Amino acid sequence: MEQNRDAEKSKPEIDFSDLMIYAKRFTGLTQQRESLLIENALEIKPALPSITERFYTTLQGIDQTAPYLQGRVETLKKTHLLWLEGLFTGPFDKHYAQSMYQVGRVHVDVDLPVEFMSGGISLIGDELTTAIFDIYSDRLSQCQQLLKAVNSVMSFSLLIMQQSYQNSSLVAELERFLAITGMSRNLFDNLASAYHK
């Protein structure tokens, strides 16, 4: 019981509004780009199921990722497709930031290597780029602006997931340390506080 309370205390307080603003600034996800994504959703959405299919086919062909997918591919595809659709429907608010933060936390909980997130975003980005070029080949200016918007929203999502992954990894390491040493969280906090003075 004491250890559960210690674990809860060790989870950092996150202001998802601040995190959202920070991530948007860092990735160039402007209101104009958000609007562009939403305005083009109807044209892009039909391409998304095949992107999800190709993404999971690729992942199953990578030796390091295959074990994480066993028995879960169909469920993961559904979740992935919902997320892809969300890239074109928004809103990219504090609730979206919170959901992306939870994705990063889940990646830590299942011991997924951190590079899988950036690698996955890269694979999806390639697929979306091809789809957008196919759809907007006769509207090059719109194509260019939309590609920038897609890059921003995917980078926005990744930045939040990585922030969560980093924080959740530190929390998990601290919890392991406390369990191994038998030290209480209060004692650890007092020692850490004394060290920083």
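Heavy atoms only: backbone and side chains are in, while hydrogens, waters and symmetry mates are out. Predicted model only: the values in this text are computed from it and were never measured. In what follows, residues are counted from 1 in the order of the sequence shown.
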List the atom pairs, donor and acceptor, that lie under 3.5 Å between side-chain atoms in residues 124-132 and the rest of the protein, sequence neighbours left out.
from : atom 1 : to   : atom 2 : distance (Å)
E127 : OE1    : R54  : NE     : 2.7
E127 : OE1    : R54  : NH2    : 2.9
E127 : OE2    : R54  : NE     : 3.4
T129 : OG1    : G125 : O      : 2.8
T130 : OG1    : D126 : O      : 3.1

Residue pairs involving residues 145-155 (criterion side-chain hydrogen bond (donor to acceptor under 3.5 Å, both in side chains); sequence neighbours excluded): R33-S152
Straight-line distance of K24 NZ to T30 OG1, nearest 0.5 Å: 9.0 Å
K45/E85 salt bridge by N-O under 4.0 Å criterion: no
T52 side chain vs K77 backbone, donor-acceptor pair below 3.5 Å: no
Pairs involving residues 55-86, ordered by first then second residue, that meet ring pair (Phe, Tyr, Trp, His ring centres under 6.0 Å) (sequence neighbours left out): F55-H80, Y56-H80, Y68-F116, H80-W83
Side chain to side chain donor-acceptor pair (under 3.5 Å) partners for Q102, two or more places apart: R105
F16 and H95, any side-chain heavy atoms less than 4.5 Å apart: no
Single-linkage hydrophobic cluster, 4.5 Å side-chain cutoff, L158 and L82 together: no
Residue pair S157 / L87, side-chain heavy-atom distance below 4.5 Å: yes
Show me, pair by pair, the donor-acceptor contacts under 3.5 angstrom made by side chains of residues 35-44, not counting sequence neighbours?
from : atom 1 : to   : atom 2 : distance (Å)
S35  : OG     : Q31  : O      : 3.1
N40  : OD1    : Y136 : OH     : 2.8
N40  : OD1    : Q142 : NE2    : 2.8
N40  : ND2    : L36  : O      : 2.7
E43  : OE1    : R139 : NH1    : 3.4
E43  : OE1    : R139 : NH2    : 3.0
E43  : OE2    : R139 : NH1    : 3.2

Qualifying residues under side-chain contact (heavy atoms from CB on, under 4.5 Å), relative to T58, sequence neighbours excluded: I62, L123
